[in-house]
Structures are given as structure tokens and as C-alpha cells.
Q: 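Quick one: the structure is below, and I'll ask about it shortly.
Starting from 1, each residue takes its place in the sequence as its number.
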Amino acid sequence: VQLQASGGGSVQAGGSLKLSCATSGRSYITYVVGWFRQAPGKEREFVAAIYWANEITFYADSVKGRFTISRDKAKNTAYLQLNSLKPEDTAVYYCAVDTVIRGTISDYADWPEYDYWGQGTLVTVSS
């Protein structure tokens with residue numbers, strides 16, 4: 001599975017961006033798509049995840065109510081809508097695919113478990 005993340009950019013606080021994660025190759029093995037982010041000098045952290053089959057979602061507390069994860073099966077693409085952006089949201093955002101069936105959607109918040117990763121897209125939020 002190949003992943004191509006795009007849509008990052010520079011915005012002012014309060015602004016919005018929409019990230020895309022296009023999947024190709026053996027996309028049919030996708031079970032969950034997750035978004036993670038990594039700020040300079042910090043560890044990679046979970047942002048959101050979605051079950052590919054039924055669109056059940058899960059969010060980190062820090063983004064709940066501001067970010068929305070979705071997917072378009074026909075386009076083999078997942079999205080992350082970022083609203084009400086804050087300077088602390090500045091990071092490289094990565095999408096990833098997990099092909100393993102685990103417990104509940106919250107079990108997909110652990111980044112080392114994911115099988116395939118995109119290259120990342122930079123989001124910069126200025127105050």
C-alpha cells in the first residue's frame with residue numbers, strides 16, 4: 001500500500017486546512033486509517049483514526065471538536081479537516097494504514113502498530 005499525504009500549508013490561528021491521504025496499491029487491505037503528527041523536538045502523537053469499512057472514528061482529546069476525519073471509498077482517499085487551528089497544532093502530519101484487526105477503534109492510537117505510512121505534510125499555524 002502506498003500513501004500520499006497532501007494539503008498542508010501555513011495558516012493563521014483560527015484558520016482551516018484539509019489534508020488528504022490518497023492510498024494506492026493493495027488498498028483493499030486497509031482496515032483503519034490513522035492520522036498522526038510530530039512537532040519539532042516532540043514525539044509522534046495520535047490525532048484521529050477511522051474504520052475504513054464503517055467510518056467509525058476516534059480522536060485525540062486535543063483535537064476533538066476541531067478536527068474531522070473522513071474517507072471516500074470510491075477515491076481510496078482519507079481526509080482530515082482541521083478547523084480552529086492553534087499554534088500548537090503546528091507539526092508534520094502523517095497518515096498511516098493499519099491492516100490488522102484489533103479491539104476497538106481506540107486501540108489504533110498506537111503509532112508503532114501501523115503497517116504503512118505516507119511521507120507527511122507540514123502544517124504551520126501562526127499566532
Side-chain angles (χ1 to χ4, degrees):
V1 178
Q2 291 79 46
L3 306 177
Q4 181 71 39
S6 61
S10 297
V11 297
Q12 291 191 326
S16 298
L17 285 172
K18 187 172 186 177
L19 308 183
S20 298
C21 176
T23 67
S24 60
R26 298 169 63 202
S27 299
Y28 59 88
I29 64 175
T30 297
Y31 192 67
V32 166
V33 173
W35 283 96
F36 295 80
R37 65 186 181 185
Q38 188 164 17
K42 294 188 177 181
E43 293 187 353
R44 188 168 300 188
E45 65 173 358
F46 170 77
V47 176
I50 184 169
Y51 277 130
W52 195 255
N54 61 17
E55 299 185 271
I56 292 176
T57 59
F58 179 64
Y59 297 91
D61 288 342
S62 58
V63 306
K64 201 174 297 182
R66 299 188 298 124
F67 293 5
T68 303
I69 189 172
S70 62
R71 65 100 174 99
D72 184 327
K73 266 190 175 181
K75 295 182 178 180
N76 286 325
T77 300
Y79 304 95
L80 186 68
Q81 177 69 44
L82 289 64
N83 295 331
S84 302
L85 282 162
K86 305 174 181 180
E88 51 264 42
D89 294 319
T90 295
V92 176
Y93 284 71
Y94 299 89
C95 61
V97 162
D98 197 330
T99 62
V100 177
I101 300 173
R102 305 186 193 284
T104 63
I105 187 67
S106 61
D107 292 329
Y108 291 88
D110 192 9
W111 70 264
E113 301 292 339
Y114 281 71
D115 304 296
Y116 303 94
W117 288 84
Q119 83 288 3
T121 185
L122 177 63
V123 172
T124 303
V125 184
S126 58
S127 57

Q: Quick check: does any side chain N or O of Tyr108 sit under 3.5 Å from a backbone N or O of Arg102, one acting as donor and the other as acceptor?
A: yes

Q: May I ask whether Val11 and Phe67 are part of the same hydrophobic cluster, defined by side-chain heavy atoms of I, L, V, M, F, W, Y residues being less than 4.5 angstrom apart, directly or through others?
A: yes

Q: Quick check for you: to the nearest 0.5 Å, what is the distance between Asn83 atom CG and Asp89 atom CG?
A: 10.5 Å

Q: Taking atom CD of Gln2 as the centre, report whether more than 12 heavy atoms of other residues, nucleotides or ligands fall under 6.0 Å from it.
A: yes

Q: Could you state the interatomic distance from CG (Leu19) to CZ (Arg37), rounded to the nearest 0.5 Å?
A: 11.0 Å

Q: Suppose we call two aromatic rings close when their centres sit under 6.0 Å apart. Are Tyr51 and Tyr31 close by that rule?
A: yes

Q: Let me confirm one number: the CZ-CH2 distance from Phe36 to Trp117, rounded to the nearest 0.5 Å.
A: 4.5 Å

Q: Linking directly or through intermediates, with side-chain heavy atoms under 4.5 Å: list the remaining ILVMFWY members grouped with Tyr79, chain and number order.
A: none

Q: Would Tyr114 end up clustered with Ile101 when hydrophobic side chains under 4.5 Å apart are linked, directly or stepwise?
A: yes

Q: Examine Tyr93 and Leu122 and state if one hydrophobic cluster contains both, with Ile, Leu, Val, Met, Phe, Trp and Tyr joined whenever side-chain heavy atoms are less than 4.5 Å apart.
A: no

Q: For residues Phe58 and Val32: do they belong to one hydrophobic cluster (side chain heavy atoms under 4.5 Å, members Ile, Leu, Val, Met, Phe, Trp, Tyr)?
A: yes

Q: Between atom CD1 of Ile69 and atom CD1 of Ile56, what is the distance when rounded to the nearest 0.5 Å?
A: 12.5 Å

Q: How would you list all residue pairs meeting disulfide (SG to SG under 2.5 Å) that involve residues 75-127, not counting sequence neighbours?
A: Cys21-Cys95

Q: Tell me whether Tyr94 shares a hydrophobic cluster with Phe46, the cluster being built from Ile, Leu, Val, Met, Phe, Trp, Tyr side chains joined at under 4.5 Å.
A: yes

Q: Using a strict 4.0 Å threshold on nitrogen-to-oxygen distance, state whether Asp61 and Lys64 make a salt bridge.
A: yes

Q: Could you tell me the separation between the CD atom of Glu55 and the CG atom of Asp72, rounded to the nearest 0.5 Å?
A: 9.0 Å

Q: For the side chain of Thr90 and the backbone of Val125, is there at least one donor-acceptor N/O pair under 3.5 Å apart?
A: yes

